[in-house]
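Shown next, in structure tokens, is the structure this report addresses.
The model shown is predicted, which means the values in this text are computed figures rather than measured ones. Letters go in sequence order (proteins before strands), and every chain restarts at 1.
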Number of protein chains: 2
Amino acid sequence: MPAELFSIKMKNKKAPVVTIPRLSFYYRALMEKSDTQFVSSQELAELTGTSAAQVRKDFAYFGQFGAAGKGYRVDFLKNSITRILGVDKKWPVALVGVGNLGSALLSYKGFLRQGFHVVAAFDSDEEKIGRELAGVIVQNIDALKDEIKLKKIKIAVVTVPQQAAQDVIDKLVRSGIKAILNFAPVRPRAPKSVEVHNIDLSIELERLAYFLSNSPRRIFGAH
Amino acid sequence: MPAELFSIKMKNKKAPVVTIPRLSFYYRALMEKSDTQFVSSQELAELTGTSAAQVRKDFAYFGQFGAAGKGYRVDFLKNSITRILGVDKKWPVALVGVGNLGSALLSYKGFLRQGFHVVAAFDSDEEKIGRELAGVIVQNIDALKDEIKLKKIKIAVVTVPQQAAQDVIDKLVRSGIKAILNFAPVRPRAPKSVEVHNIDLSIELERLAYFLSNSPRRIFGAH
DNA sequence: TAGATTGTTAATCGATTAACAATC
DNA sequence: TAGATTGTTAATCGATTAACAATC
């Protein structure tokens, strides 16, 4: 059993889900910082728009990373976050649905930077099958299971139309996928052992519309 | 002053931010439901994966929409949610950055359905300027301000590369944009009066990597 | 040593859940 | 009327913030 996994799981209480994306932001801020060896929770807070207490608390869920009076050693912290997030490993990713959005994501080089690498793409459209996109040959969706097993893929990105989404996700789950980033505008059902995160454009736009419709506009005399 | 706006603002306490996307989910669930005239908080909860108490509470922030003993009238509820979210209006949208992702979003018909309509697209690349995409002619980014004023655009989608994002967002703010959906992997600075929501692919993938790295795998003997 | 800053505990804040009187 | 279900209040849960002893 990896020693650090044990310590991560045992330490204190479980980190709140919102801590995880914050770790990513801390990491990004640290990437910009090669000028000094140490960084304080205060400085990291300013760089990421949170509070010093929050920064310290977030790290504390995973162990002790700092030195009282000095702060956090930048390299060590970067390394630690990388290990906590699991981005010290390479992650092969499957992409299902090579439409406009799927193609765009395939070509998105930002993925590679973090160790995520789309190694398989699938579609049901005969037109698209066999074509090459960003170095990946689009395969028939029937090849999904074998390919996922073969390449030991655990993460899938779903960019199929709404109606196809639940079917595709069922198939991914049956193929052994453990984490799914879904762009189809549905809340798909999946077993609790599979983590499904949804990115939903219409929901995001509606949140903005709400903000615009309900933001105070001088009407109530506020400032 | 619109009467319902007044009542929305005055009613109870301010709705928590997480209530808003839930309203969108309730709305979607209601769209599927034309078989009965009434729906109960219990049924809506089951359809959207939340609790009946949560459903009632969410609506209660905005007024009284139900009838004790009967439930909520489906049509009335749909209408009310539409009004609360502000999607009863048409929202012209500007898109900045017509790369892979920007083009994909331009062609994404899902936008239209909710009353969001990309009516202007901008890029700095001479290659792209003048081209037509999904019925919109890509304009030079210098035309941003005039176009936004002219078309009274309040919402912008930003799909430019990381390095350009802050500049573009500053420009949008100066042009009078009030809500921004940003896909560039930065936390942009903007005045509090402008609502900026970020969709960040790498952060989402890192969250999934964290889940995969830290999910219990039989190691601790749990089930 | 004196000053700075951590890690942690306690206090606060905010959101969810439970319970139930009001009422259709 | 009896049964169902709302709207709301109180209890619980979880996350953030404040405060400070420990310590580099």
Protein-nucleotide distance (A:Y61, atom OH; C:dT8, atom C1'), rounded to Å: 11 Å
Watson-Crick or G-U wobble partner for C:dT9, using a 3.5 Å limit on both distances? D:dA18
Measure from the side-chain heavy atoms of A:A68 and tell me the nearest of C:dT17, D:dT6, D:dA22. D:dA22
Determine whether a donor-acceptor pair (N or O, by modelled atom type, separation under 3.5 Å) exists between the side chain of A:T19 and the backbone of A:A15. no
Considering every strand and a 4.0 Å limit on heavy-atom distances, what is the contact class for B:T19: base, sugar-phosphate, or nothing? nothing
Over 60° means perpendicular and under 30° means parallel, so classify the ring planes of B:F65 and B:F59, tilted if in between. perpendicular
Mind checking who D:dT23 pairs with, Watson-Crick or G-U wobble, both distances under 3.5 Å? C:dA4
In terms of side-chain geometry, is the basic nitrogen of A:D88 or A:R83 positioned less than 4.0 Å from the acidic oxygen of its partner? no
Could you go over nucleotides 18-21 of chain C and give all protein N or O partners under 3.5 Å, atom names and distances?
residue : atom : partner : partner atom : Å
C:dA19  : N6   : B:R56   : NH2          : 3.3

Just wondering, do B:L181 and B:I155 contact through their side chains at under 4.5 Å, heavy atoms? no
Can you measure B:F76 atom CZ to D:dT6 atom C1' for me and round it to whole angstrom units? 14 Å
Rounded distance in Å - CD (A:Q54) to C1' (C:dT8): 15 Å
If you check the A:V18 side chain, which of D:dA15, C:dT6, C:dT8 turns out closest? D:dA15
What residues, two or more places apart in sequence or in another chain, satisfy side chain to side chain donor-acceptor pair (under 3.5 Å) together with A:H197? A:E195, B:R207
Rounded to the nearest angstrom, tell me the gap between atom CD in B:Q64 and atom C1' in D:dT8. 10 Å
Walking DNA chain D from its 5' end, the first of A:A67 and A:D58 to be reached, judged by nearest nucleotide, is A:D58
Separation of D:dC24 atom P from A:F65 atom CZ, nearest Å, is 17 Å
Between A:Y108 and B:N100, a side-chain donor and acceptor under 3.5 Å: no
As a test of reading the structure: which of D:dT6, C:dC24, C:dG7 is closest to the side chain of B:Y72, going by heavy atoms? D:dT6
Do side-chain atoms of A:S107 reach the backbone of A:S103 as a donor and acceptor pair under 3.5 angstrom? yes
Between D:dT6 atom P and B:K70 atom NZ, what is the distance in whole Å? 12 Å
From C:dT5, D:dT16, D:dT6, pick the nucleotide closest to the side chain of A:P16? D:dT16
Can you tell me if B:K70 has over 12 outside heavy atoms packed within less than 6.0 Å of its NZ? no
What nucleotide, of D:dA22, D:dT5, C:dT16, holds the atom closest to the side chain of B:R22? C:dT16
Could you state the CZ-P distance from B:R73 to D:dT6, rounded to the nearest angstrom? 15 Å
Starting at atom CD of B:Q37, determine the distance to atom C1' of D:dT5, rounded to an integer number of angstrom. 17 Å
If you compare every side-chain N and O of A:S41 against the phosphate oxygens of C:dT6 (OP1, OP2), does one of them come in below 4.0 Å? yes
